[in-house]
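Values below: all heavy atoms of this structure, side chains included; hydrogens, waters and symmetry mates excluded. Quick caveat: nothing in here was measured; it's all calculated off a predicted structure. All ligand and atom numbering here is 1-based and tracks the order in the structure.
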Amino acid sequence: MEENRLSNIFPKENDIPEKFLLKNLIEQNEYLIDGKICSWDGSHQDVFSPVCLNVDGELKQKLLGHYPLLTEKEALTALDSAVSAYDNGRGCWPTMSVTERIKCLENFIGCMKDVRDDVVNLLMWEIGKSYADSAKEFDRTIEYIGDTIPALKELDRTSAKFVIEQGVVGQIRRAPLGVVLCMGPYNYPLNETFTTLIPALIMGNTVIFKPPKLGVLLHRPLLKAFKDSFPKGVINTVYGEGQTVIAPLMASGKIDALAFIGSSKVANILQKQHPKPHRCRFVLGLEAKNASIVLSDADLDLVIKEHILGTLSYNGQRCTALKILFVHSEIIDSFLNKFTEAVDNLSIGMPWKDGVYLTPLPEANKISYLSELVEDAKEYGAKIVNKKGGLNSKTFFYPAILYPVNSKMRIYSEEQFGPVIPVISFKDTEQPIKYIIDSNYGQQVSIFGNDSDTIADLIDPLVNQVCRVNINSQCQRGPDTFPFTGRKDSAEGTLSVSDALKVFSIRSLVATKDIAHNKKIFDDIVKNRKSNFLSTDYIL
Ligand code: G3H
């Protein structure tokens with residue numbers, strides 16, 4: 001009965017609201033290299049939506065279009081273009097004044113806003129994110145880019161002065177690293193890609209950008225915006241299989257920084273491919289298994305609200321999602337009652353449906369992976385405690401709350417990245433602390449409770465295990481001005497609006513002995529604006 005209801009969630013072609021219809025297949029042949037939008041006539045990768053359509057009673061993932069499967073040759077052409085635009089730091093982009101670079105970025109923001117509707121619609125279709133959250137992702141990205149500009153001005157202003165120490169005069173600024181390869185994740189294909197790509201660009205690096213495996217076509221409307229806003233070669237795109245297009249880039253030894261958000265397994269492979277890894281800066285956002293610790297005096301209504309957000313926003317496909325719940329034994333029953341009810345009442349459906357919370361999942365084989373996790377947990381003694389938990393149809397999986405979970409189960413330590421919610425009851429807070437210490441991951445934790453003594457006792461050990469302790473709130477990345485990072489296998493490098501500018505640059509300085517002759521040379525360069533680096537120009 002319920003299963004039937006699930007298969008009915010998929011629409012027929014003519015049930016799709018007019019506003020969200022994709023009238024034609026998106027046959028992307030374009031890619032951007034060296035300031036030119038090139039046309040590809042080789043093989044392509046078909047793109048299917050996680051949204052299935054009911055065609056004469058049969059459910060089929062909707063075909064959205066295709067993108068180019070470039071080869072090593074095009075990847076190396078993109079590399080040559082980025083290397084030559086950087087020109088060992090002598091290119092027009094790395095030597096351009098910050099004011100000029102900001103103008104290019106402002107132009108880009110304008111062009112990006114013009115294609116908002118197309119990008120948001122594709123984001124929704126390609127990764128199954130609700131329309132509201134897809135729009136939020138777009139707007140958050142625009143805001144992030146906008147906030148980057150004042151952050152950069154501030155960074156530049158603090159560098160627009162000379163420092164005199166021990167008879168040495170110096171001007172210390174931040175200089176670019178070189179060629180940056182940017183690769184984002186499928187769950188935030190726009191936002192998380194741009195939170196590395198934009199800071200990398202604006203600091204004067206040249207960039208090669210590969211969209212994630214899922215969430216590719218949505219970048220197509222932005223190719224022209226990139227082309228029209230930045231000098232040639234400053235931004236280049238590659239499309240295709242990682243092994244074909246990324247491995248040769250890394251093996252060339254010419255990538256100076258890699259921004260990668262994905263799995264630690266892939267990050268390790270990429271790191272090893274670089275012949276001189278110490279020459280490449282790695283900025284990595286990897287797995288996480290964020291825990292929540294619900295103390296006996298926690299406000300249960302707030303706990304439920306934050307746990308719905310924490311475990312199931314975008315179906316739990318967030319690196320910051322709450323992926324294991326430790327609930328005090330005194331309140332475990334009332335927690336499970338309220339939580340299961342709240343989960344089973346969530347709105348399911350297609351991403352365009354108003355107020356929809358649970359939508360189809362885009363990753364291939366995800367439903368069988370999640371089902372395996374559930375079966376494995378059941379084998380070791382867990383039960384699915386919510387009525388509809390684990391029901392599935394094609395690409396849709398109903399969230400399964402598993403209880404009681406123990407260390408023998410895969411779900412105890414594996415990052416599920418989807419709607420399976422393991423719950424453990426505890427009597428002593430030592431148990432969740434020990435879990436976090438033993439975990440391979442160290443991104444964030446959430447603590448729910450009301451007693452400040454108990455909370456304080458948890459804060460002090462936990463800030464040294466993870467990089468953000470959230471009190472009475474789910475785990476999250478935002479606000480984007482806050483540092484976002486992790487320990488162990490969760491991250492390398494710190495991102496935030498201002499940290500990202502630092503992570504894609506290096507401190508470089510011009511110094512001289514503080515004597516009259518040298519001062520005269522400095523004076524002449526500064527007064528006559530002979531250098532963009534050695535300069536006291538103040539950007540307002
Ligand atoms: O997938 C990881 C994202 O950075 C999480 O960001 O906490 O704002 O959803 P969020």
For atom 8 (O) of ligand 1, what is the nearest protein heavy atom, given as residue, atom name and distance? R140 NH1, 2.8 Å
Testing the 3.5 Å rule here: is there a donor-acceptor pair between the side chains of Q45 and Y239? no
Give a yes or no on whether the ring-centroid distance for Y131 and F20 is below 6.0 angstrom. yes
What is the closest protein heavy atom to atom 10 (P) of ligand 1, and at what distance does it sit? Y188 OH, 3.4 Å
Heavy-atom pairs closer than 4.0 Å: do any link ligand 1 to the side chain of Y314, the backbone, both, or neither? neither
Any idea which atoms of ligand 1 are less than 4.0 Å away from a heavy-atom of F484? 4 (O)
Apply side chain to side chain contact (heavy atoms under 4.5 Å, CB included) to the pair F484 and T494, showing each step before the final yes or no. CA-CA 6 Å; F484 179 54; T494 301; 5.9 Å; no
Quick check: closest heavy atoms across P432 and F326, and the distance to 0.1 Å? CB-CG, 3.7 Å
Quick one: look up the protein heavy atom nearest atom 3 (C) of ligand 1 and list residue, atom name and how far away it is. E192 OE2, 3.0 Å
I need the nearest protein heavy-atom contact for atom 5 (C) of ligand 1: residue, atom name and distance, please. T320 OG1, 3.2 Å
Report the nearest protein non-hydrogen atom to atom 2 (C) of ligand 1: residue, atom name, distance rounded to 0.1 Å. C319 SG, 2.2 Å
Test of proximity, Q317 against ligand 1: N or O pairs below 3.5 Å: no
Going by distance alone, is a donor N or O of one side chain under 3.5 Å from an acceptor N or O of the other, for S446 and N290? no
Taking all atoms of both residues into account, what is the closest heavy-atom pair of K289 and Y441, and its distance? CB-CD1, 3.7 Å
Is it the case that ligand 1 has an N or O less than 3.5 angstrom from some N or O of C475? no
Looking only at distances, can you tell me whether any N or O atom of R477, backbone or side chain, sits closer than 3.5 Å to an N or O atom of ligand 1? yes
Verify whether the ring centers belonging to H307 and F335 lie closer than 6.0 Å. yes
Using the ring of Y314 (Phe, Tyr or Trp, six-membered ring only), decide whether K129 places NZ or CZ under 6.0 Å from its centre and within 45 degrees of its axis. yes
Could you tell me, atom by atom, which parts of ligand 1 come under 4.0 Å of a heavy atom of Q476? 7 (O)
